[in-house]
Amino acid sequence: MKPIIVAPIIIAVLLVAMSLSCQATSGLPLDLQGESSELSATPTALPPKPVQPGADNPDEPVLITGDIPYTSPFFLNTISEPFVMLEDLAGFSRRDRDFEFPALGQAIGPVVVQEDSTITYNLALPSIPQGTQLDLDNDGQEDEGVQVFAVAYWSNTWGGPFLEARDGGGWSNAYTSAITDPENHDEITGGILIVWAANDSQSFPTGFGEDGLLFTSDDPVAPIPAGYNIVDINQEPFTNYKEARTYIQLNEGEIAVNDLSGLSYEEAFESLFQKVSHEYPFTEEKHIDWDRLYEVHAAEIAKARDEDDFYKALRDFSNDIPDAHISLTLRPDIFYAERGGGLGVVAKELSDGRVIITHVVQDSPADLADIKVGAELIAWGNQPVRDAISAVVPDFGPYSTEHHKRLEQAAFLTRLPPGESVDIRYQNPGGTGEVEATLKSIPEYDSLFLSLPIFSEDELALPVEGEILDDSGLGYLRIRTFSEDYSLLAITWEHFMEQLISNDTPGLIIDLRRNSGGSGRLALDFAGYFFEDEIPLYEGNYYNENSGSFESDGQPAKISPGPEHYEGAIAVLVSPYCVSACEGFAYAMAQQGRAVIIGHYPTAGAFGEVGRGQYKLPDDISMQFPTGRPQSPDGKVIIEGTGVELDIFVPVTEDSVLNLSDPVLQTAIDELLD
């Protein structure tokens, strides 16, 4: 095929050169330079144009259209350059998870989000696809073979409009025309494939064979027509057909939401519990007694008579499992009734045990009682304040670590039902003694927004921001998230890395203290800019219904060196608000001592993968449970329940909670300049 394609290109270049007789030939490629008399000859004949097999058939496929149903809450919120493409299934044929889709073979088509939140696509088929030739006829002889594709949804993150290794490879197990089995290493078990044959002498499987696997030596085969074939492998024997414009709906696959919304309260909880109790990945590490949980919470569900009862019973169930990746839809009406009142103060606990008022909202009950910023809170509700904090059940739980939970217990200490009164004892800064007061809460959320970092983000801020610190000359990058527009994240990151490297910036501080996570793959791509060798980190393990145990998904997470390498010293700043993929990045940066990890506290310790653990329940309630178990190469669970450990612990002081200084940042500067 190659000589036929290249020859017309060479001739076209020669013809252009002839028309530019006044231009020197030195601008031509060396192999096209020569005597002017040789270039002036007009070709008497051109090679024949390539002819697409089956092109004379009016039913020859030329266009595939379809829609992409989705239920996953993560599907659209991070993608800026989505498309569908003919996904070369050479990776699946070879069971090669690292297969890179050749750019030449990436035929892509547009996707459109419709007003009713559905997604449609169009994919024009190239006259001759440039995929991988696969010899699948099992005749023991080397044949030209066929090209095999699935239609799959992808998005571009790095580089140009086509996929590169960092964007992904292997074969798709979601949003694809193929159906894959997550219980059996994502083997293709059904769906629609697109097969192209150069001539009528090629064969293709008509079934899965005795081993039940596709593209193995026991597959029965039969001749396949030349050109494109739409192959339905949902039944045996497989059926082939040609249709000029064919419709194919893509399959959401393993990450589809578990929809239990049509069941009764008891039925929905029963289904949820049976699935979660088997698939939850940290039962042993967290000493979860599922029998006890069922006994307690199934009884609560059985008593539920309305949506409020049902919601509160589910909330109690989730709070009984210490995992920050377990989430439940927030009900604003219930939250208001229970936590909508405040006194207009924010309380922070220091490393020395004191509790300090860091903010006082103007004209709030606290302000009218003359409580000052910097006041020490001594008692709350007739209890020592630290005991009162320990008794708080925060509404944004559960939590994977005690240090994360403790922070939000302090934040929710001052949240009350509107109109409820509380007795407090405090001492203002510079005061001569303790003051007792009874304050009545009013409806207000200002103090809540001030107390939690998740509410203090600038909505217009870029996901990655950077500067050179004037006094030190060190680089400073703040990564706010790994879950917004992936392409924007990648472009911004590449820009900063290029500048840091080209300017020989001597040291770099990476601030992750308010990073809610997102794409673990993208996070590790970021980390690749700091390493010269590949480093295996962990494997995701998932419960397998066939074996009744957790098994590797076969896709180990690793640091792969990036296209450029930053060699300077690095400090990474973390907090309990560095969660999930953020923790994966911090963990990667700690490998081989590449960066020093600094903070008041470790990270959140929530690292179970959640893509397969989405649930839709009655009354428009959604829940999320982790299903993926991250294990290091030596079989140990990483990050979950502990967080990424600190190399340097920075005490929480009065100055730091009052924002009079940033000792974590200053510690990093001192460490890098030392």
Side-chain angles (χ1 to χ4, degrees), residues 1-10 46-57 59-64 85-96 98-108 123-152 162-163 169-171 177-178 188 191-209 211 213-233 236-244 246:
M1 303 296 293
K2 185 176 180 181
I4 297 176
I5 297 172
V6 173
I9 296 175
I10 295 174
L46 294 175
K49 292 182 179 179
V51 177
Q52 178 187 6
D56 58 347
N57 182 347
D59 292 325
E60 183 66 18
V62 295
L63 179 69
I64 300 174
M85 78 172 189
L86 282 181
E87 180 178 285
D88 191 333
L89 288 183
F92 171 74
S93 174
R94 302 166 183 169
R95 288 4 183 227
D96 178 7
D98 295 322
F99 175 76
E100 296 182 24
F101 304 117
L104 182 63
Q106 294 182 35
I108 65 177
L123 179 59
L125 299 176
S127 58
I128 298 179
Q130 302 298 307
T132 307
Q133 297 291 140
L134 301 174
D135 185 1
L136 302 172
D137 60 10
N138 296 327
D139 64 357
Q141 299 179 2
E142 186 174 340
D143 297 301
E144 181 178 358
V146 296
Q147 299 179 36
V148 187
F149 307 93
V151 179
F162 297 100
L163 300 181
W171 68 96
S177 64
I188 292 179
I192 307 294
L193 305 182
I194 312 299
V195 180
W196 186 86
N199 51 59
D200 289 323
S201 62
Q202 306 304 315
S203 293
F204 187 77
T206 60
F208 291 97
D211 64 6
L213 304 177
L214 187 62
F215 302 156
T216 55
S217 59
D218 68 347
D219 292 353
V221 300
I224 193 166
Y228 283 105
N229 296 268
I230 314 299
V231 182
D232 186 338
I233 63 172
E236 294 192 50
F238 302 161
T239 58
N240 302 353
Y241 63 94
K242 289 178 180 285
E243 188 175 52
T246 191

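Reckoned from all heavy atoms, side chains included, excluding hydrogens, waters and symmetry mates. Not measured: the values here are computed from a predicted model.
- In this structure, Ala152 and Glu87 approach most closely via the heavy-atom pair CB-OE1, 3.3 Å.
- Taking each heavy atom of Asp219 and Leu213 in turn, the nearest pair found is OD1-O, 3.1 Å.
- Minimum heavy-atom separation, Tyr228 to Pro129: OH-CD, 3.3 Å.
- With a 4.5 Å cut-off on side-chain heavy atoms, Ser203 and Asp139 do not count as touching.
- In this view, Asp98 satisfies the side chain to side chain donor-acceptor pair (under 3.5 Å) rule with no residue, not counting sequence neighbours.
- Gln106 places no side-chain N or O within 3.5 Å of a backbone atom of Phe162 that could act as its donor or acceptor partner.
- Considering every non-hydrogen atom in both Val221 and Asn138, the closest pair reads CG1-ND2, 4.0 Å.
- With contacts defined as side-chain heavy-atom distances shorter than 4.5 Å, the pair Leu125/Leu86 qualifies.
- Listed by chain and number, the residues in a side-chain contact (heavy atoms from CB on, under 4.5 Å) with Ala198 are Glu144, Trp196 (sequence neighbours excluded).
- Here Asp232 contributes atom CG and Thr239 contributes atom OG1; the two are 4.0 Å apart, rounded to the nearest 0.5 Å.
- Residues Val148 and Ile194 are not in side-chain contact: their nearest non-hydrogen atoms beyond the backbone lie 4.5 Å or more apart.
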Next item on the list: Check step by step if side chain to side chain contact (heavy atoms under 4.5 Å, CB included) holds for Met85 and Leu163.
Entry: CA-CA 10 Å; Met85 78 172 189; Leu163 300 181; 3.5 Å; yes

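- Side-chain contact check for Phe208 versus Phe238: some heavy-atom pair is nearer than 4.5 Å.
- Between Asn229 and Val146 there is no side-chain heavy-atom pair separated by less than 4.5 Å.
- Ring pair Phe149/Phe92: centre-to-centre distance not below 6.0 Å.
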Item checked: Candidate pair Phe215 and Phe204, rule side chain to side chain contact (heavy atoms under 4.5 Å, CB included), full reasoning -> CA-CA 9 Å; Phe215 302 156; Phe204 187 77; 3.7 Å; yes

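- Of the possible donor and acceptor atoms, none in the side chain of Asn240 sits under 3.5 Å from a partner among the backbone N and O of Val231.
- Scored by the side chain to side chain donor-acceptor pair (under 3.5 Å) test, Asp59 finds no partners at all (sequence neighbours excluded).
- Residues passing the salt bridge (charged side-chain N to carboxylate O under 4.0 Å, His left out) test with Arg95 are Glu187, sequence neighbours excluded.
- Every residue meeting the side-chain contact (heavy atoms from CB on, under 4.5 Å) condition with Thr132, not counting sequence neighbours, appears here in chain and number order: Asp88, Ala90, Arg94, Phe99, Leu134.
- Applying the side-chain contact (heavy atoms from CB on, under 4.5 Å) test to Ser201 and every residue at least two apart in sequence or in another chain returns Asn199.
- Smallest separation of non-hydrogen atoms from Leu193 and Ala178: CD2-CB, 4.2 Å.
- Of all non-hydrogen atoms in Asn57 and Lys242, the two that sit nearest each other are ND2-CD, 3.6 Å.
- Note that CD1 of Ile188 and CD1 of Ile233 are 6.0 Å apart. Values are rounded to the nearest 0.5 Å.
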